[in-house]
Amino acid sequence: MLGFNRQCAVKVLALASVAALLGASADAMAQETRRERRSRTKEVKPIELSPAQVAELTKVANERKLTVDDLLAASKTYMPSGRHDDYVLFSSGGQSGQIFAIGVPSMRLLRSIAVFTPESWQGYGFAGEGDAVLERLNVNGKAVPWGDTHHPALSETAGDYDGQFLFIGDKANARVAVIDLRDWETKQIVKNPLTVSDHGASFVTPNTEYVVEGGQYATVLGYGYAPPEEYKKSYRGMVTFWKFDRAKGRIDEASSFALELPPYWQDLADAGKVASDGLVFINSFNSEMATGGVEQGKPPFEAGVSQRDTDYLHIIDWKRAERAVKEGKAKKINGFPVITLDVAAAEGILHFAPEPKSPHGVDVSPNGQFIVVAGKLDPHVTVYSIDRIKKAIADKKISATDDYGIPVLDFDAVKEAQVELGLGPLHTQFDDKGYAYTSLFLDSAVSRWTLGGDYAKLHAEEPWKLVTKTPVQYNIGHLCAAEGDTVSPDGNYLISMSKWSVDRFLPTGPLLPQNFQLVDIAAAGTTMPVLFDMPIGVGEPHYCQMIKADKLKTWTTYPEIGWNPHTQQLDPRAPKQGKEGVVRDGSQVTINMTAIRSHFTPEHVEVNEGDEITWRITAIESTQDATHGFCIGGYNINLSLEPGEFAEFKFVADKPGTYPFYCTEFCSALHLEMMGYLHVKPKTTTAMKAEPAAKP
Amino acid sequence: MPGLLAQIAGPRVPPDELARRPARYATPALLFAVARVLLLVSIFFPYWHMELVAPQYPDGLFLTAYVNHLDGDVKEIDGLNHYIGMRPLDEAARVEKSLAIWMIVAMVLFVEGAMFVHSKWAVLLAVPAITFPAFFIADLHLWMRRFGQGLDPSAPLSASVKPFTPTVLGEGGIGQFRTFAELGTGMWLAIGAAGMIVVAFWFHRRAFRPLSVAARRAAEVPA
């Protein structure tokens with residue numbers, strides 16, 4: 001019997017465990033199903049319009065004077081409530097100093113991200129005296145609380161967006177910011193120690209080894225002075241390679257370096273990839289070294305910089321530059337390592353290639369094979385091939401050496417093709433069908449043209465030829481195709497960043513919004529309609545990048561209660577529930593506060609006039625969107641306390657009185673009740689007309 | 001006393017009888033064993049779920065009860081409950097939760113003991129395990145009632161939400177929430193265990209009652 005029993009018991013045990021496991025997974029599945037039942041992605045059955053519905057649709061369309069194309073455009077862009085967009089567009093916010101995140105194809109503004117300008121909704125720059133944000137907005141000890149954001153750059157892994165970080169440059173003050181895409185907050189701003197303003201920022205190398213910040217208007221590097229007569233001798237351009245520490249999510253300033261460049265006014269930049277990995281390309285537009293002076297009867301800059309037929313495409317070997325810095329060949333300017341021009345020439349770090357005069361954008365094709373330079377003052381785009389460039393360098397096909405000893409490669413040796421597109425070509429992006437798209441500023445159009453080489457087999461047309469142009473309204477600057485500057489563009493959509501909107505929207509006074517236009521590039525050939533116009537009434541954006549939404553791993557709340565977004569970790573200082581209170585140490589007062597729907601703890605804070613206040617708040621919420629605000633009127637304080645967030649701010653309670661503080665984000669049905677009082681007791685009671693409010 | 005103990009333990013099975021019909025005597029033991037496993041395993045699974053649905057929670061809120069702890073969106077539910085003056089959920093059934101694991105282990109040991117008792121007294125040892133699921137639900141209901149009825153009258157929303165008893169099984173509602181409550185895997189395992197014990201007793205009776213009857217008859221026959 002024992003043997004029988006043991007055998008059976010083993011079987012039964014095994015059976016029972018299997019049953020239990022099945023039961024558990026069934027339970028988990030049931031819970032999942034329950035969640036899905038209310039899921040926002042409800043399954044939609046294919047529709048079939050009845051004659052009555054067709055009649056109704058036609059009636060509405062006719063009443064609203066819509067064409068069939070309009071109806072199609074609407075159905076390609078309309079997002080029903082709760083449906084999420086396929087792509088997120090991260091756009092520069094121009095002089096607003098912000099970044100805008102926009103859903104594509106719906107073209108709905110999702111939110112802005114404060115970067116170089118304090119922004120009160122995000123509580124960015126309103127955390128009292130010694131605000132960490134305001135401190136990092138200082139330039140040479142001066143508060144510069146605004147920026148001219150130009151070129152956003154998503155972090156890349158193997159040349160493709162990885163959705164982790166976002167960088168953006170401030171042209172006005174030569175700064176670069178790092179935004180963490182887990183919480184969409186600016187984490188770092190670095191100020192270039194060499195130059196006052198920049199333009200070619202930011203662009204990343206294929207694995208985000210470096211964030212490239214190219215300069216623009218030449219100055220004496222390191223904030224020096226020299227009169228314009230000494231322009232050629234003393235003024236210099238530069239490109240800075242900011243080393244990015246991905247693990248820390250910060251630029252490592254100590255491991256960064258710059259390369260001195262002639263004062264040719266460097267313009268846009270792009271990093272090589274795949275076939276051209278290890279190189280960075282930068283345009284220039286003042287190889288004339290014109291110094292203007294219209295007030296002295298000299299040719300103005302606009303004429304002076306446009307005299308020569310060609311300027312120089314800068315071809316920079318950043319891996320050699322990195323090596324030269326490691327070998328100690330860099331010189332310190334303003335404490336920052338700089339590879340000087342003579343070292344660059346000797347080490348083969350820098351080569352020039354002639355390019356039609358005063359071009360604007362330089363863009364590398366997805367396979368890294370072609371470098372497209374847009375003419376601006378020339379109706380062509382000029383295409384260089386990396387194979388030809390490498391061969392020309394190897395074979396020393398040098399046509400000249402510039403005044404600073406930099407070799408200039410022979411134009412015909414490096415040129416692959418020139419494609420005539422129209423007037424004012426500025427910037428180029430790519431799709432998955434072997435097409436390139438170039439913005440035409442003066443023609444006010446988006447052009448589609450064919451690439452050659454390995455791309456020729458992807459399209460039906462002849463290579464290096466214009467295919468079609470779509471008019472846009474008006475004066476397009478940058479354009480952006482879905483992941484169109486990566487190693488694997490998606491096609492599908494393109495954004496025309498039209499500078500002027502003129503008559504497109506209702507009048508908004510003399511200052512008009514820009515116009516973001518969604519262009520459908522899904523079909524090959526000559527079909528390329530504009531689907532949607534989105535007014536941008538907050539600054540003038542420059543460049544944007546469009547990333548597949550599912551690549552973003554965004555937090556819905558902070559990972560733990562008491563999270564410090566500046567350090568991206570749990571902060572030991574964060575007040576805990578049940579441990580709130582006011583701690584006094586002489587005139588130093590620390591307030592440990594928690595916020596939860598719908599009250600702050602404590603609700604009364606009593607301090608003396610002149611006390612130095614350290615105020616700490618933890619939002620002890622873990623529910624998505626249960627955000628609180630915290631403001632103290634009259635003390636210029638407003639915070640955004642997202643679920644789990646810890647914040648600390650300091651101020652001197654130098655104005656006696658009774659100050660209500662309250663939650664500035666409508667958090668709950670009892671939001672208005674979420675308040676308290678800061679009582680600042682005057683030094684002498686006679687100084688105040690009334691006694692502070694009585695405590696309950 | 002040994003006489004009484006022997007009477008409770010019931011008759012032992014003679015070896016030749018056991019050899020002749022092993023399955024007859026092994027079946028109840030086997031079923032008891034399975035029931036014990038089910039009951040032990042149930043510790044690791046949820047006994048009860050409640051889902052709360054409201055417009056501003058498109059994914060719903062979930063509350064899951066294990067024998068010894070609560071899981072799910074407890075913090076958020078507590079946060080909402082404070083508006084109506086309900087105490088934090090973790091304050092409910094503290095004694096039950098702290099003892100639950102030991103109580104279940106004890107029930108399992110009792111059922112193990114029942115395997116060696118070949119008389120009707122064996123039922124007594126199995127009563128806790130058989131009634132456990134019902135006890136759990138009843139206890140849950142009592143706590144819910146106590147919490148729902150004992151709302152703090154000074155709470156912000158006490159004017160609009162009157163004391164109530166949350167629905168322990170099926171659909172209920174409170175404020176803007178609809179609630180859906182159902183039994184979890186752990187509870188089904190425990191119910192399975194209870195059912196199996198009941199079935200085991202049918203086989204137990206079939207196996208051992210004839211032996212008891214025979215023994216009693218033998219005792220009645222005068223020497």
Side-chain angles (χ1 to χ4, degrees), chain A residues 1-42 81-82 556-557 561 577 595-599 620-626 643-644 667-674, chain B residues 13 15 18-19 21-27 29-47 49 51 53 56-62 64 72-80 82-83 115 156-157 160 175-176 180 182-189 192-193 196:
Chain A
M1 177 205 160
L2 268 175
F4 168 79
N5 215 348
R6 195 178 296 153
Q7 263 180 20
C8 257
V10 170
K11 275 183 202 163
V12 164
L13 261 167
L15 213 69
S17 352
V18 169
L21 280 174
L22 283 175
S25 42
D27 192 62
M29 267 155 57
Q31 188 146 342
E32 201 52 45
T33 321
R34 280 193 296 271
R35 279 197 189 267
E36 270 171 19
R37 206 162 56 212
R38 260 170 307 285
S39 169
R40 53 184 75 87
T41 51
K42 279 195 190 106
S81 179
T556 51
T557 61
I561 306 272
Q577 195 167 21
I596 191 169
R597 284 159 290 164
S598 308
H599 57 272
I620 48 170
E621 297 275 5
S622 47
T623 295
Q624 189 173 10
D625 214 357
C667 60
S668 58
L670 294 164
H671 159 72
L672 295 179
E673 289 79 353
M674 188 163 175
Chain B
V13 186
L18 194 60
R21 290 195 287 196
R24 188 184 186 93
Y25 301 100
T27 304
L30 205 68
L31 290 171
F32 281 138
V34 175
R36 283 184 346 250
V37 170
L38 291 179
L39 199 51
L40 266 182
V41 169
S42 81
I43 292 171
F44 303 102
F45 294 101
Y47 265 56
H49 299 287
E51 183 185 9
V53 182
Q56 52 276 82
Y57 294 93
D59 290 339
L61 290 174
F62 289 87
T64 301
D73 305 307
V74 181
K75 200 167 161 284
E76 183 65 12
I77 293 167
D78 278 345
L80 294 167
H82 102 277
Y83 286 117
M115 215 167 62
L157 294 184
S160 50
Q176 77 271 38
F180 303 88
E182 62 189 38
L183 303 180
T185 309
M187 177 61 96
W188 288 115
L189 289 174
M196 205 153 281

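Values below: every heavy atom of this structure, side chains too, minus hydrogens, waters and symmetry copies. Below, read A as the first sequence line, B as the second, and so on, with proteins coming before strands; counting in each chain starts at 1.
- If you measure heavy-atom distances from B:Phe44 to chain A, you find no contacts under 4.5 Å at all.
- Between chain B and the residues A:Glu621, A:Glu673, A:Arg597, the most heavy-atom pairs under 4.5 angstrom are made by A:Arg597.
- In this structure, A:Thr623 and B:Gln56 have side chains that are not in contact, with every pair of non-hydrogen atoms separated by 4.5 Å or more.
- Residues B:Lys75 and A:Ile620 approach most closely at NZ-O, 2.9 Å, considering heavy atoms.
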